Amino acid sequence: MPRQPTRKRRLMDPAVQTNTLDTSSLAPWVQDLYKDVILPRRRSAATHPFTQAIRAGQVEKSALVAYFQGMYWHVTRAGHLFGGFFARRPAEVATFLAGRAEDGHSPEEETRLQKSSLGALITALGGDLEGFEAGLADYVPPQEWFLHETQLRSAIFSADFPWQIGASAINAGTEGIVPWMCGPLADALEEGYGIHGLALEWLHQRITPEEIQHGDNGFLILSHFVDANDSDLVANCGLYADKLSLSMSQGLLNGGLRLHQASEGN
């Protein structure tokens with residue numbers, strides 16, 4: 001089925017749709033988190049200066065290659081992060097979310113798509129994919145990607161934290177922003193550099209209604225599985241949703257802007 005980029009731009013337009021969840025039944029603290037933190041971060045991600053510079057064709061391709069190499073590195077490791085989270089999450093969460101989309105890609109499928117699509121994007125931008133993959137074991141990512149993953153690992157794997165903090169980080173804080181980061185990036189690459197087809201496949205898959213639901217699931221989970229009277233747990237869930245949504249909407253994109261500015265100075 002042919003893609004409909006115009007429809008996708010309308011979906012990702014922050015003036016059209018950032019509120020994708022009926023919050024009326026959520027706990028008050030989760031409503032506040034969603035409305036006061038996540039929705040503004042969605043708008044911020046969709047309109048970030050780095051994305052606007054890409055849309056205008058102003059970013060050196062070498063900087064774009066470096067940025068998407070960082071994304072490639074992160075995606076190769078995402079299966080381990082999701083696997084760790086699902087291993088700790090109680091079985092009743094899946095029952096609670098029955099009928100709603102969850103991240104169903106196996107690590108093998110995600111790796112296949114990442115290699116074929118993000119790899120094609122790196123190649124389309126002039127990067128040496130074969131050389132990059134050959135040195136991936138020793139690759140040092142841009143610091144923003146490393147920090148983002150470190151925060152996710154802390155929330156998911158720390159023995160000091162209950163599983164709900166992982167949900168706040170990976171569902172609410174990360175997946176709650178992903179479509180508003182990836183959709184505009186895909187549109188910008190198409191408009192500014194004529195990128196299309198397979199090279200945008202991975203980014204396009206991040207902006208489907210199912211992917212949006214993955215993030216919204218986080219707020220349903222927090223509302224149902226976090227005791228609002230447990231002030232420490234509420235505070236830590238809010239903290240990690242704040243940290244990861246800030247990383248998604250500003251940190252990672254600021255890293256792209258830093259690479260862009262560095263390339264301009266050379």
Side-chain angles (χ1 to χ4, degrees), residues 1 3-5 7-27 30-46 75 78-79 81-83 85-86 88-107 109-110 113-114 117 152 155-156 163-187 200-226 237-238 240-242 244-245 247-249:
M1 179 180 296
R3 295 203 169 276
Q4 302 175 31
R7 180 183 176 189
K8 285 188 172 68
R9 288 189 194 99
R10 286 204 301 270
L11 176 65
M12 289 296 102
D13 185 340
V16 174
Q17 188 177 2
T18 52
N19 183 6
T20 56
L21 182 66
D22 178 5
T23 61
S24 60
S25 63
L26 299 181
V30 181
Q31 291 185 32
D32 290 343
L33 174 65
Y34 183 76
K35 294 177 180 177
D36 297 340
V37 176
I38 300 302
L39 296 189
R41 297 260 165 88
R42 287 177 174 178
R43 289 189 289 271
S44 178
V75 173
L81 298 173
F82 275 89
F85 171 61
F86 283 117
R88 295 189 65 189
R89 199 183 77 170
E92 57 262 35
V93 179
T95 302
F96 171 71
L97 293 175
R100 294 182 62 84
E102 287 212 83
D103 199 313
H105 288 155
S106 67
E109 170 64 14
E110 189 66 32
L113 180 60
Q114 159 251 311
S117 181
L152 276 175
I156 293 167
W163 68 270
Q164 292 95 327
I165 293 178
S168 72
I170 205 166
N171 286 112
T174 299
E175 293 193 302
I177 304 297
V178 162
W180 285 265
M181 175 189 178
C182 291
L185 280 174
D187 286 344
L200 296 182
E201 182 73 19
W202 191 87
L203 292 172
H204 278 147
Q205 285 209 4
R206 308 278 78 76
I207 61 178
T208 63
E210 292 77 16
E211 289 287 337
I212 291 171
Q213 202 168 83
H214 295 171
D216 285 347
N217 286 344
F219 306 100
L220 300 176
I221 291 170
L222 294 179
S223 187
H224 187 81
F225 289 96
V226 173
C237 284
Y240 271 86
D242 177 54
L244 271 300
S245 65
S247 178
M248 289 294 301
S249 63

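Here the structure is a predicted model, which is why all the values come from computation and not from measurement.
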Heavy-atom donor-acceptor pair, R42 side chain to T18 backbone, under 3.5 Å
yes
So V178 and H214, side chain to side chain contact (heavy atoms under 4.5 Å, CB included) or not? Walk me through it.
CA-CA 10 Å; V178 162; H214 295 171; over 6 Å; no
Compare all side-chain heavy atoms of Q164 with those of I221 and state whether any distance is below 4.5 angstrom.
no
Does the S245 side chain pair with the main chain of D242, one donor and one acceptor, at a distance under 3.5 Å?
yes
Return the set of residues passing side chain to side chain donor-acceptor pair (under 3.5 Å) with R88 (not counting sequence neighbours), or none when no residue passes.
none
Is a side-chain N or O of Q213 found less than 3.5 angstrom from the main chain of A101, in a donor-acceptor match?
yes
Side-chain contact, heavy-atom cut-off 4.5 Å: E92 with F225?
yes
Can you find a heavy atom in the side chain of L185 that is under 4.5 Å from one in the side chain of M181?
yes
Just jot down the side chain to side chain donor-acceptor pair (under 3.5 Å) partners of N19, sequence neighbours excluded, or say none.
Y34
Taking L26's backbone N and O only, do any of them form a donor-acceptor pair with T23's side chain (distance below 3.5 Å, no angle check)?
no
With a 4.5 Å limit on heavy-atom distance, are the side chains of N217 and E175 in contact?
no
Whether the side chain of S168 engages the backbone of Y240 through a donor-acceptor N/O pair (distance < 3.5 Å, no angle test) should be reported.
no
